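Single-structure report; data block below.
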2 protein chains.
Amino acid sequence: MANRRRPVTLRAIADQLGLDVSTVSRVLNGAAGDRARAASGATAQRIRDLATELGYRPNPHATSLRTQRSNLIGVLVPRLSDLVLATIYEGIEEAASQHGLSTFVTNTRDEPDKQRDRTEMMLARRVDGLIFGDAHADAVLLDELAAQGVRFVLVSRWAGSHPSVTCDDYQGGRLAAEHLLDRGHERVAVIAGEPHASTGLDRTAGFVDRYREAGVPLPEHRVVRSRFDTAGGRQAAELLLDQAERPSAIFAVNDFAAIGAAGAARDHGLRLGEDLALVGFNDTPLAAELPIPLTSVRSPMREMGRRAVDLLARVLAGQRVESERLTPTLVARASTLGSTGAGDSHDDDGGGNAG
Amino acid sequence: MANRRRPVTLRAIADQLGLDVSTVSRVLNGAAGDRARAASGATAQRIRDLATELGYRPNPHATSLRTQRSNLIGVLVPRLSDLVLATIYEGIEEAASQHGLSTFVTNTRDEPDKQRDRTEMMLARRVDGLIFGDAHADAVLLDELAAQGVRFVLVSRWAGSHPSVTCDDYQGGRLAAEHLLDRGHERVAVIAGEPHASTGLDRTAGFVDRYREAGVPLPEHRVVRSRFDTAGGRQAAELLLDQAERPSAIFAVNDFAAIGAAGAARDHGLRLGEDLALVGFNDTPLAAELPIPLTSVRSPMREMGRRAVDLLARVLAGQRVESERLTPTLVARASTLGSTGAGDSHDDDGGGNAG
DNA sequence: TCGTTTGGCCCAATCGTTTGGGTCGATGTT
DNA sequence: AACATCGACCCAAACGATTGGGCCAAACGA
């Protein structure tokens with residue numbers, strides 16, 4: 001095996017075979033047409049044999065320098081320690097490596113300054129394109145970048161009219177509402193997430209609209225903003241459960257917020273699924289395994305990641321593209337079904353379809 | 001602002017100022033000594049001014065090609081959707097960017113083939129060094145790489161005598177044992193994790209040793225292997241709770257496994273903290289927010305990540321290095337304290353210290 | 001028999017930096 | 001007045017790959 005210290009170059013192969021580097025280059029990495037004209041079948045074979053024997057790997061820096069293409073894409077997420085984004089990223093990585101792309105990921109903590117800064121550093125690294133998982137609804141940074149000709153797509157959240165792959169969150173909100181309506185809940189509340197993220201906004205909107213259509217409008221004080229994490233959900237739930245007319249059901253736009261809410265419920269002496277129904281979002285693997293399994297709207301996270309890469313690849317190829325919106329499904333479990341056991345099918349990741 | 005399409009080069013600056021690129025290069029990116037000798041103060045200032053005005057960013061591919069140093073490091077983890085690794089990675093990213101390094105992360109799913117493959121691709125990308133968060137106890141891949149002169153460090157798990165930054169997991173296991181001994185538990189069990197990971201092995205060993213020292217040896221059937229996730233924990237707990245002499249306390253080597261165990265406990269009609277004590281590991285943010293807050297051994301995850309980068313930086317600088325072992329602390333909560341409320345101080349990430 | 005084609009290569013420029021070694025005029029030394 | 005020194009630059013060769021043009025000999029057509 002080759003010594004990592006001095007990787008083998010085209011020149012090494014060429015010299016050893018008494019050929020020119022250009023010939024070797026064309027045979028090894030040329031486009032189909034070029035490759036054919038570069039050398040005779042026999043020579044080409046000798047080149048390929050020696051290359052694999054020596055363990056030749058093209059130097060990506062040299063290639064990028066010459067071709068002005070890095071095959072690198074940058075991925076920005078609020079935080080990788082958020083399971084949802086981590087899962088989306090797994091999809092991204094999978095698809096990227098199929099496309100022959102490598103990815104840089106970075107955490108922006110959802111802070112605009114950091115988003116700018118990290119974007120800048122990605123661009124300095126000469127990425128070919130970017131995937132933003134942390135788009136803010138106002139889209140100011142994104143608009144600027146687009147104007148500068150930076151190529152990117154969004155995932156999970158949409159903003160402005162930039163190409164994106166998202167879950168149909170509005171529809172997801174409606175599904176949650178539908179389910180709770182079916183179970184007869186009239187006094188319901190929403191833990192709505194952060195106002196700069198389209199996910200929380202749309203899920204909330206779908207839920208609220210569906211209830212309004214059913215003739216049961218939600219008063220404003222039953223929709224409270226929150227962070228997307230467990231602590232945020234707990235705080236929001238405290239607020240809701242302290243209200244004079246306590247809701248009989250809560251829709252949290254995120255599973256982790258829902259788990260926090262479950263904690264708050266317990267502190268209030270409420271039994272989940274009996275005294276209080278709870279619906280989460282994303283159907284995190286955790287949801288099914290909790291002491292009281294959580295009803296949740298499943299979004300195809302990994303698939304979103306994959307498709308975001310496909311979409312970006314098309315953007316990079318200069319094609320016109322359309323945003324995609326994947327369809328969610330609701331998985332009902334004990335948290336909304338009383339003491340009845342949970343009916344649950346747990347496969348890794350639903351497919352969802354475009355629309 | 002500069003157009004992203006045709007980034008500004010040294011040549012652009014040099015031409016505009018009637019200077020040579022070498023002069024500009026030395027002023028902008030040269031070592032301190034070089035920089036001084038390169039140009040007069042006035043000229044240097046003109047260069048710097050124009051550079052910032054045009055938004056000059058050195059082309060990293062050109063630099064890497066020339067210097068044979070990429071300032072890139074590769075990070076391999078089992079899966080980023082594991083909160084523990086994701087958090088460690090956050091620390092890595094933080095420290096890396098302070099060192100002026102960029103990181104490639106990739107998921108290996110703990111599968112040896114994939115580990116090989118992804119390592120290979122990192123090396124093909126010409127990373128300067130690697131951080132493995134997925135070291136297997138047998139260390140065969142790592143030994144090979146070391147022999148080839150590849151530079152790397154391990155994080156979270158150790159293996160062989162390769163430099164690593166870990167939590168003192170053995171000590172953590174002892175802490176858990178100590179706590180349960182204090183609470184009077186004599187019939188205890190361990191959900192031990194996967195046998196190829198030093199984390200689970202050491203935590204289990206520490207726990208078992210401490211109990212043996214206390215004169216209460218654990219029978220083998222009370223130590224069961226498991227995956228590190230929620231489903232794994234649930235399965236393992238089923239096994240334990242179905243045993244004739246049901247344990248009064250369980251130590252799970254991972255918070256997620258512990259959450260799964262909590263689910264199983266509930267299915268068996270056991271109240272957590274009353275009928276069954278439960279201790280987790282890592283003190284994931286979730287632990288504190290669960291309906292029944294979880295006692296857990298806190299490991300300084302983010303700090304481990306940071307230190308791994310520092311360690312790797314020293315390795316890359318050619319220095320001799322020593323492995324580091326950070327100290328864990330136990331955070332007691334309701335899951336081992338009966339109906340008493342949890343005494344809990346929740347700051348983000350303990351510091352821990354080397355040993 | 002003399003083009004013309006074509007197969008099979010090689011040449012050389014180029015991408016943007018870094019870096020060891022000039023050059024050249026002004027200043028300082030003796 | 002001759003000479004070394006120094007400050008402020010410039011030159012040019014890499015680094016490893018890609019790619020538009022050659023070039024030469026053999027094969028082919030008329």
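Letters go in sequence order (proteins before strands), and every chain restarts at 1. All of these numbers come straight from a predicted model, not from anything done at the bench.
Of the candidates dT17(C), dC9(D), dG16(D), dT17(C) carries the atom nearest the Asn59(B) side chain, counting heavy atoms from C-beta on. For Asp20(B), the listed nucleotide lying nearest its side chain is dA12(D); candidates were dT17(C), dT19(D), dA12(D). Among dG21(C), dT17(C), dG16(D), the nucleotide with an atom closest to any side-chain atom of Arg26(B) is dG21(C). Closest to the side chain of Leu10(B), from the set dA12(C), dT17(C), dG16(D), is dT17(C). The side chain of Asn29(B) sits closest to dT17(C) out of dC10(D), dT19(D), dT17(C). Here dT19(D) is the nucleotide among dG20(C), dC9(C), dT19(D) with the atom lying nearest to any side-chain atom of Thr67(A).
Nearer the 5' end of DNA chain D, as judged by each residue's closest nucleotide, is the contact made by Gly18(B), out of Ala62(B) and Gly18(B).
For the residue pair Tyr56(B)/Thr9(B), the side-chain donor-acceptor check at 3.5 Å is not satisfied. A donor atom on one side chain and an acceptor atom on the other are found under 3.5 Å apart for Ser40(A) and Thr43(A). Arg118(A) and Thr106(A) form a side-chain donor-acceptor contact under 3.5 Å, judged by distance and modelled atom types alone. Between His99(A) and Asn71(A), the side chains place no donor N or O within less than 3.5 Å of an acceptor N or O (distance only, hydrogens not considered).
Summarising the geometry, the separation between CZ on Arg11(A) and P on dC10(C) is reported as 11 Å, rounded to the nearest angstrom. The distance from atom CZ of Arg57(B) to atom C1' of dT17(C) is 16 Å, rounded to the nearest whole Å. Following rounding to the nearest Å, Asp34(B) (CG) and dT17(C) (C1') show an atom-to-atom distance of 13 Å. Summarising the geometry, the separation between CG on Asn71(A) and C1' on dA17(D) is reported as 13 Å, rounded to the nearest angstrom. Straight-line distance from the NE2 atom of His61(B) to the P atom of dG16(C): 12 Å, rounded to whole Å. Distance CG (Asp15(B)) to P (dC9(D)): 16 Å, rounded to an integer number of Å. To the nearest angstrom, P of dT5(D) lies 16 Å from CZ of Arg37(B). One can place CG of Leu19(B) at 11 Å from P of dC11(D), the figure rounded to the nearest angstrom.
Within the 4.0 Å cut-off from OP1 or OP2 of dT17(C), not a single side-chain nitrogen or oxygen of Ser25(B) is found. Neither OP1 nor OP2 of dT14(C) sits under 4.0 Å from any side-chain N or O of Gln68(A). Remark: Thr23(B) is in phosphate contact with dC10(D), judged by side-chain N or O atoms under 4.0 Å from OP1 or OP2.
Residue contacts shown for Thr63(A) are limited to sugar-phosphate atoms, with no base heavy atom under 4.0 Å away.
Around atom CD of Gln319(B), more than 12 heavy atoms belonging to other residues, nucleotides or ligands sit under 6.0 Å away.
Sorted by residue number, the members of residues 39-51 of chain B with any non-hydrogen atom under 4.0 Å from DNA chain D read Ala39(B), Ser40(B), Thr43(B).
Pair assignment for dA30(D): dT1(C), on the basis of Watson-Crick or G-U wobble contacts that are both within less than 3.5 Å.
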**Q.** Steps toward salt bridge (Lys or Arg N to Asp or Glu O under 4.0 Å) verdict (Asp20(A), Arg26(A))
**A.** CA-CA 10 Å; Asp20(A) 188 86; Arg26(A) 278 185 246 253; over 6 Å; no
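Residue-to-nucleotide contacts include no donor-acceptor pair under 3.5 Å from the side chain of Ser64(B) to the base of dC15(D).
Between Glu94(A) and Arg79(B) there is no salt bridge, since no side-chain N of the basic residue sits under 4.0 Å from a carboxylate O of the acidic one. Checked for salt-bridge contact, Asp310(B) and Arg306(B) miss the test: no charged N lies under 4.0 Å from a carboxylate O.
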